[in-house]
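Structure record follows, encoded as structure tokens.
Residues take their numbers from the sequence shown, with the count starting at 1.
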Amino acid sequence: MSKATDAPTYVRIAQDIRSRILRGDPPAGAMLPSEAALARTYGVARGTVRQAVAELERSGLVASEAGRGRRVMSGDPATTSRAPATQYETIAETLRKRIDSGDLAPGQQLAGESAMAEEFGVSKGTARQALQLLAGERLIAAVHGKGWFVGGPEHAQTRADVVADEFRKDIDGGKLAVGSVLPGENALAQERGVGRITIRRAFALLEAEGVIEKRPGMGRVVKSRSKGAT
């Protein structure tokens, strides 16, 4: 079972079972192994397996049959769509559509749990469940110490990375000339629509590259163009 994300055990089990179903093991129409059998397979308690299977039921991949167990409905996600039943599923569906439409691009950082909770009017725990559901589908990934990102962590870009890249383009394009003094953190945070800490982190990246430097009594000054500039 993959441990590539920081998602709870039941989410990772659901992800693993989902991957097997998509590979045809077990195929559509077959019965899913019992909770006891799955608990032995994954070395966890039946309660954890029950949570994992519930995720699969909510996504429509399996369905309960009285007295028999759970049957695999389809290995094709396109045929298993249904209306979201819970708040976190509704949030996950909204984010899923944003990813599919390109509004959220691969590598883009998602809003934090607090911001997401405020946007959708839910608790942080509910926002976290939505993120974990999408992580189980491998649409997003958690990067330790940074947050959640669309797609895999190898292309993850924090907001500070994006802001730093914007500064590089402004410097390389001549909008910010070598020797010019950059505005203060507060002004830039307001201009770029980000937090002051994001500006500070972007500055740290550029300082490490030698693109800007901090001079006493002046602030940050453009030192040189980026290494990739032509």
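- Across all non-hydrogen atoms, the minimal contact from Ala160 to Leu205 is O-CD1, 4.0 Å.
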If you apply the rule side chain to side chain contact (heavy atoms under 4.5 Å, CB included), what do you find for Val72 with Leu61, and how did you get there? CA-CA 6 Å; Val72 177; Leu61 277 178; over 6 Å; no
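- The minimum heavy-atom distance between Met31 and Gly69, with the atom names listed, is CE-C, 3.7 Å.
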Derivation of the side chain to side chain contact (heavy atoms under 4.5 Å, CB included) call for Tyr10 and Arg50: CA-CA 8 Å; Tyr10 79 89; Arg50 193 171 298 121; over 6 Å; no
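- Residues Ile199 and Val163 form a side-chain contact, since some pair of their non-hydrogen atoms from C-beta on lies under 4.5 Å apart.
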Tell me, with the steps shown, if Gln87 and Gln129 meet side chain to side chain contact (heavy atoms under 4.5 Å, CB included). CA-CA 9 Å; Gln87 285 182 314; Gln129 283 181 293; over 6 Å; no
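- By the salt bridge (charged side-chain N to carboxylate O under 4.0 Å, His left out) test, Arg192 is found to be paired with Glu166, Asp170, residues two or more places apart in sequence or in another chain being considered.
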Could you give me the CA-CA distance, side-chain angles and deciding distance for Phe149 and Gln108, then say whether side chain to side chain contact (heavy atoms under 4.5 Å, CB included) is met? CA-CA 6 Å; Phe149 296 83; Gln108 185 173 340; over 6 Å; no
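- Of all heavy-atom pairs between Ala202 and Ala164, the closest is CB-N, 3.8 Å.
- Taking 4.5 Å as the limit, every side-chain heavy atom of Val62 sits out of range of all side-chain heavy atoms of Ile17.
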Any chance you could lay out the salt bridge (charged side-chain N to carboxylate O under 4.0 Å, His left out) test for Lys169 and Asp165, step after step, and finish with the verdict? CA-CA 6 Å; Lys169 290 178 180 177; Asp165 192 50; 3.6 Å; yes
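- Between Leu95 and Met116 the shortest side-chain heavy-atom distance falls below 4.5 Å.
- Counting all heavy atoms, side chain and backbone alike, Ala117 lies closest to Lys124 at CB-N, 3.9 Å.
- In this structure Tyr88 satisfies the ring pair (Phe, Tyr, Trp, His ring centres under 6.0 Å) test with no other residue, sequence neighbours excluded.
- Applying the 6.0 Å contact sphere to CZ of Arg98 captures more than 12 heavy atoms from other residues, nucleotides or ligands.
- A heavy-atom distance below 4.5 Å is found between the side chains of Phe120 and Thr94.
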Does the pair Glu207 and Lys223 meet the rule for a salt bridge (charged side-chain N to carboxylate O under 4.0 Å, His left out), with working shown? CA-CA 9 Å; Glu207 287 172 1; Lys223 184 179 179 183; over 6 Å; no
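- Hydrophobic clustering keeps Val162 apart from Leu104 (ILVMFWY residues linked when any side-chain heavy atoms are closer than 4.5 Å, directly or through intermediates).
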Verdict with supporting geometry, Asp16 and Arg20, salt bridge (charged side-chain N to carboxylate O under 4.0 Å, His left out): CA-CA 6 Å; Asp16 192 64; Arg20 293 186 181 190; 3.3 Å; yes
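- Atoms CD1 and CD, on Ile140 and Gln132 in that order, are 9.0 Å from each other to the nearest 0.5 Å.
- The heavy-atom pair separating Ser224 from Gly210 by the smallest distance is OG-O, 3.1 Å.
- Atom OG of Ser64 sits about 11.5 Å away from atom CZ of Arg71, to the nearest 0.5 Å.
- Between the side chain of Gln15 and the backbone N or O of Arg12, no donor-acceptor pair lies under 3.5 Å.
- Nearest heavy atom pair, residue Ala52 against residue Ala14, reads O-CB, 3.6 Å.
- Contact check for Pro26 versus Leu32: side-chain heavy atoms found under the 4.5 Å cut-off.
- Looking only at side-chain heavy atoms (C-beta outward), Arg96 and Leu139 come within less than 4.5 Å of each other.
- Hydrophobic clustering, with ILVMFWY side chains joined whenever heavy atoms are under 4.5 angstrom apart, keeps Val194 apart from Leu110.
- The backbone N or O of Val122 sits nowhere less than 3.5 Å from a side-chain atom of Thr126 that would complete a donor-acceptor pair.
- A heavy-atom distance below 4.5 Å is found between the side chains of Phe167 and Leu206.
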Extract all donor-acceptor atom pairs below 3.5 Å that involve side chains of residues 175-190 and protein atoms in other chains or at least two apart in sequence.
residue	atom	partner	partner atom	Å
Ser180	OG	Ala177	O	2.6
Glu185	OE1	Arg196	NE	2.8
Glu185	OE1	Arg200	NE	3.3
Glu185	OE1	Arg200	NH2	3.0
Glu185	OE2	Arg200	NE	3.4
Glu185	OE2	Arg220	NH1	3.0

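- Residues Ile13 and Thr48 are in side-chain contact: their nearest non-hydrogen atoms beyond the backbone lie under 4.5 Å apart.
- Taken to the nearest 0.5 Å, the CD1 atom of Ile212 stands 10.0 Å off from the CZ atom of Arg168.
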